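Everything on this sheet refers to the single structure shown next.
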Amino acid sequence: VMEKSFVSMFLLLIAISCALAKDAGKKDSKDTTTKPKLPQTLSRGWGDQLIWTQTYEEALFRSKHSQKPLMIIHHLEDCPHSQALKKVFAEHKDIQKLAEKFILLNLVYETTDKNLAPDGQYVPRVLFIDPSLTVRADITGRYSNRLYAYEPSDISLLYSNMQKALKLLKTEL
C-alpha cells in the first residue's frame, strides 16, 4: 500500500511540475508578447502601437466595411527621405492619435493599382482612399512635381491633410 501511494504521489508531483513548467513557459512568452509581434513588423516603425493592415486588398476591404478612410504610405527602408519622414511621423503625438481613425497601410513595394501612383512611383508618398474606394487625388502635399510627397518639414501639412481626409468623409458619405 505504501508503495502504491508513493507511486501516485510521485506521478502527482510530475504532473504538477509539468503544469508549472508549462505555466513558466507561458509567462516567458507573455513578456515577449507585450511588445506586439505582428503589428511591430507591419508598422515598420511608422507607429508600433497602431493597427496596420498587411495587404492593399485587406486595407480596401477594411476601409469599405468600417467606413474609415485608408491612408497608404509608400516608402523604402533604404531611402533617407522615407526614413526621415517615418521618424517625424512616428514621433508626432497628434498624428499618431489621428491615425487611429484610419485604416493604415505602409508599403515597401508598388501595387498593381495604377491609381496609387497618379503622378509616378516615388517614395515617400502618402495617399488617401475613401471608403467608396476612391483615391483622393485632391489631397496633396506642397510639391507640384511630386504631389503626394512629404518632407519631415511638411509634417503639419500631412496632419492637416489627414484631418481633411476625415472631414471629406463626413461631408460626402
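Note that the structure is a prediction, hence the values are computed from the model and not measured.
At least one side-chain heavy atom of Leu116 sits under 4.5 Å from a side-chain heavy atom of Ile129. Between Leu98 and His92 there is no side-chain heavy-atom pair separated by less than 4.5 Å. For the pair Asn161 and Val126, the minimum side-chain heavy-atom distance is 4.5 Å or more. Looking at Arg142 and Ser153, their side chains come closer than 4.5 Å, going by heavy atoms from C-beta outward. With a 4.5 Å cut-off on side-chain heavy atoms, Pro118 and Leu147 do not count as touching.
Here ring pair (Phe, Tyr, Trp, His ring centres under 6.0 Å) pairs that include residues 53-87, with residues two or more places apart or in two chains, are Trp46-His75, Phe61-His65. Screening residues 92-106 for salt bridge (charged side-chain N to carboxylate O under 4.0 Å, His left out), with sequence neighbours left out, gives Lys97-Glu100. Residue pairs meeting the salt bridge (charged side-chain N to carboxylate O under 4.0 Å, His left out) criterion with at least one member in residues 108-120, sequence neighbours excluded: Glu110-Arg125. Screening residues 64-80 for salt bridge (charged side-chain N to carboxylate O under 4.0 Å, His left out) gives Glu77-Lys86 as the qualifying pairs, with residues at least two apart or on separate chains.
Here Tyr143 pairs with nothing under the ring pair (Phe, Tyr, Trp, His ring centres under 6.0 Å) rule; sequence neighbours left out. Residues satisfying the ring pair (Phe, Tyr, Trp, His ring centres under 6.0 Å) test with Phe102, not counting sequence neighbours, are Phe128.
Residue Leu50 is grouped with residue Leu158 when hydrophobic side chains (ILVMFWY) are merged at heavy-atom distances under 4.5 angstrom, including chains of intermediate members. By the criterion of side-chain heavy atoms lying less than 4.5 angstrom apart, applied directly or through intervening Ile, Leu, Val, Met, Phe, Trp or Tyr residues, Leu105 is not grouped with Ile51; the two fall into different hydrophobic clusters. Cluster membership check: Trp52 does not share its hydrophobic cluster with Leu60, using side-chain heavy-atom separations under 4.5 Å among Ile, Leu, Val, Met, Phe, Trp and Tyr.
Heavy-atom minimum distance, Ile95 versus Met162: O-CE, 3.8 Å. Smallest separation of non-hydrogen atoms from Leu85 and Pro152: N-CG, 4.0 Å. Ala90 and Gly47 make their closest contact through CB-N, 4.5 Å (heavy atoms, listed as atom of the first residue, atom of the second, distance). Looking at every heavy atom in both residues, Tyr150 comes nearest to Ile139 through OH-O, 4.3 Å. Here the closest non-hydrogen pair linking Leu70 and Ala59 is CD1-CB, 3.6 Å. In this structure, Val108 and Leu76 approach most closely via the heavy-atom pair O-CD2, 3.4 Å.
For Thr134 (side chain) and Asp130 (main-chain N/O), no donor-acceptor pair under 3.5 Å exists by modelled atom type. Panel note: side chain Tyr148, backbone Ala117; no donor-acceptor pair is recorded below 3.5 Å.
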